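Read the structure below first, then the notes.
Every chain is numbered from 1, with letters handed out A, B, ... down the list of sequences. Everything numeric here is computed off the predicted structure, so don't read it as measured data.
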Protein chains: 2
Amino acid sequence: MQLEPQYKELLDTALEGSGQRATKQREHVYALLLQKRDHPTADEIYARARSEMPTISLATVYNCLETLVETKLIRQVNFEREPTRYCPNLTQHAHFYCRESGEIVDIELSDQLIGELMKVLPKGFSAQHIDIAYDGKCNHCHD
Amino acid sequence: MQLEPQYKELLDTALEGSGQRATKQREHVYALLLQKRDHPTADEIYARARSEMPTISLATVYNCLETLVETKLIRQVNFEREPTRYCPNLTQHAHFYCRESGEIVDIELSDQLIGELMKVLPKGFSAQHIDIAYDGKCNHCHD
DNA sequence: AATAATATTTAGAATAATTCCAATTATTGC
DNA sequence: GCAATAATTGGAATTATTCTAAATATTATT
């Protein structure tokens, strides 16, 4: 599996910018996330990573994910107390969790809607991030 | 500490409705949540509970909280992978987490705003719940 | 290209929140 | 008050994640 040149570029710049090194493992984990955008957990990424890189360890997967989150190339996604999931979609979006299929779908959010959510904050409060998680039934699981 | 009669009533009805029993422990945990609405964790509730009920166990605290959540008398509140917190505010609201003080504040949400959030869902999706978590700086921690 | 300095990976141990378990105790319906 | 059932308890088990220290890889320097 290959990391597309534009993403390779993005990764290298982000790592360099934070004084970190480009390694095979980081590249591979990032490529996996870009390739199958189904919000996998660390364990799932570990399983996927091993087919091409059998010696990678789970700790390394966690380390790589941490680095990618810190450099803002990916986002963490949490639902209740379930294992953290990872997402390379950097646009402003919420997540929809289907209780039936377990599928997680990105929901794009307009600046306008985010603006309205910011407006309801009491005076003196400022938010740097809003995390929005829907849960219900997705289109595939409809009656 | 006393559970106010209207809440005692609410609790008894909710428990009876789901075929569960009213116990001292359940009442006490519920009373603690109503009395100090600072979104405590199970551990914090355990510590508070013990001063008046020294023999209560942590497992029981977890059990009581589970029952209260199931009967919809309280809500769980999660931030990232931090320990789950509990909240007896049943109105439609989001949570604001202050990175500086750690304080968690309820943010009331209008039906209108919730409606708009529902409207951005793609066709075929239906949500039964939206979880909204802000994080940033609260009024006390302002510059 | 070899070497030194530094960062990363690795495997396994440690941690922390939560759940499970089996025995005891409390509550409810008769 | 007694039997039936549900809840509580303490401790063990589980699970996601982090930590640790040794081995390996990368980068900078000669």
Side-chain angles (χ1 to χ4, degrees), chain A residues 8 11-32 39-50 52-71 73-86 102, chain B residues 8 11-32 39-50 52-71 73-86 102:
Chain A
K8 168 74 172 134
L11 175 61
D12 287 351
T13 318
L15 289 173
E16 195 170 355
S18 66
Q20 304 196 80
R21 293 173 180 173
T23 66
K24 281 189 298 297
Q25 290 86 345
R26 284 171 178 168
E27 222 173 280
H28 191 46
V29 166
Y30 187 40
L32 285 168
H39 306 85
T41 63
D43 255 332
E44 287 166 348
I45 297 162
Y46 177 50
R48 292 175 197 179
R50 291 220 282 181
E52 203 174 303
M53 190 181 271
T55 59
I56 197 171
S57 75
L58 180 57
T60 297
V61 171
Y62 273 104
N63 290 341
C64 293
L65 290 169
E66 192 186 14
T67 302
L68 293 169
V69 169
E70 274 170 8
T71 55
L73 292 170
I74 65 172
R75 268 176 62 179
Q76 290 184 305
V77 181
N78 288 287
F79 287 97
E80 313 266 301
R81 299 229 92 237
E82 288 189 13
T84 298
R85 298 170 173 279
Y86 298 86
Chain B
K8 169 74 172 132
L11 175 60
D12 287 351
T13 319
L15 289 173
E16 195 171 354
S18 66
Q20 304 196 81
R21 293 174 180 172
T23 67
K24 281 188 298 295
Q25 290 86 345
R26 284 171 177 167
E27 223 173 279
H28 190 46
V29 167
Y30 187 40
L32 285 168
H39 305 86
T41 62
D43 256 331
E44 287 165 348
I45 296 162
Y46 177 49
R48 292 175 197 180
R50 291 220 283 181
E52 203 175 302
M53 190 181 269
T55 59
I56 196 172
S57 74
L58 180 57
T60 297
V61 170
Y62 273 105
N63 290 340
C64 292
L65 290 168
E66 192 187 13
T67 302
L68 293 169
V69 169
E70 274 170 7
T71 54
L73 291 169
I74 66 172
R75 266 178 61 180
Q76 289 184 304
V77 181
N78 288 288
F79 287 98
E80 314 264 300
R81 296 229 93 237
E82 290 190 11
T84 297
R85 298 170 173 280
Y86 298 86

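- Here D:dA16 is the nucleotide among D:dA16, D:dG10, C:dA11 with the atom lying nearest to any side-chain atom of A:D43.
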Return a single string for nucleotides 23-30 of chain C, one symbol per nucleotide in 5' to 3' order, where B is base contact, S is sugar-phosphate-only contact and - is none, cutoff 4.0 angstrom on heavy atoms. ---BBS--
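- With sequence neighbours excluded, the residues forming a side-chain hydrogen bond (donor to acceptor under 3.5 Å, both in side chains) with B:R50 are B:Y46, listed by chain and number.
- Every pair passing salt bridge (Lys or Arg N to Asp or Glu O under 4.0 Å) that includes a residue from residues 11-20 of chain A is listed here, sequence neighbours excluded: A:K8-A:D12.
- In terms of the side-chain contact (heavy atoms from CB on, under 4.5 Å) criterion, B:A47 has no residue partners (sequence neighbours excluded).
- Across all strands, A:T55 comes closer than 4.0 Å only to sugar-phosphate atoms, never to a base (heavy-atom distances).
- Nucleic acid contact for B:T67: none, since no nucleic acid atom lies under 4.0 Å from a heavy atom of the residue.
- Comparing D:dA7, C:dT8, D:dT17 by their nearest atom to the side chain of A:R26 picks out C:dT8.
- Every residue was checked against the salt bridge (Lys or Arg N to Asp or Glu O under 4.0 Å) condition with B:D43, not counting sequence neighbours, and none meets it.
- Contact of the A:H39 side chain with the A:Y86 side chain is not registered, since no non-hydrogen atoms from C-beta on lie closer than 4.5 Å.
- Partners of A:T13 by side-chain contact (heavy atoms from CB on, under 4.5 Å), not counting sequence neighbours, listed by chain and number: A:E9.
- For the side-chain hydrogen bond (donor to acceptor under 3.5 Å, both in side chains) test, residues two or more places apart in sequence or in another chain that qualify with A:R48 are A:D38.
- Between B:A59 and A:A42, the one whose closest nucleotide on DNA chain D sits nearer the 5' end is B:A59.
- Sorted by residue number, the members of residues 73-86 of chain A with any non-hydrogen atom under 4.0 Å from DNA chain D read A:P83, A:T84.
- In this structure the side chain of A:E70 reaches within 4.5 angstrom of the side chain of A:Q20, judged on heavy atoms.
- Considering only residues two or more places apart in sequence or on other chains, A:E52 meets the side-chain hydrogen bond (donor to acceptor under 3.5 Å, both in side chains) condition with none of them.
- Residues that satisfy the salt bridge (Lys or Arg N to Asp or Glu O under 4.0 Å) test with A:R75, not counting sequence neighbours, are absent from this structure.
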Tabulate below the donor-acceptor pairs under 3.5 Å that side-chain atoms of residues 60-67 of chain B make, not counting sequence neighbours, or state none.
unit_1, atom_1, unit_2, atom_2, d
B:T60, OG1, B:S57, OG, 3.0
B:N63, ND2, B:A59, O, 3.3
B:T67, OG1, B:N63, O, 3.0

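- With axes fitted over five pairs at each extremity, the angle between the ends of the helix from C:dA1-D:dT30 to C:dC30-D:dG1 is 30° (10° resolution).
- In this structure, A:Y62 does not reach the D:dT18 phosphate: none of its side-chain N or O atoms is under 4.0 Å from OP1 or OP2.
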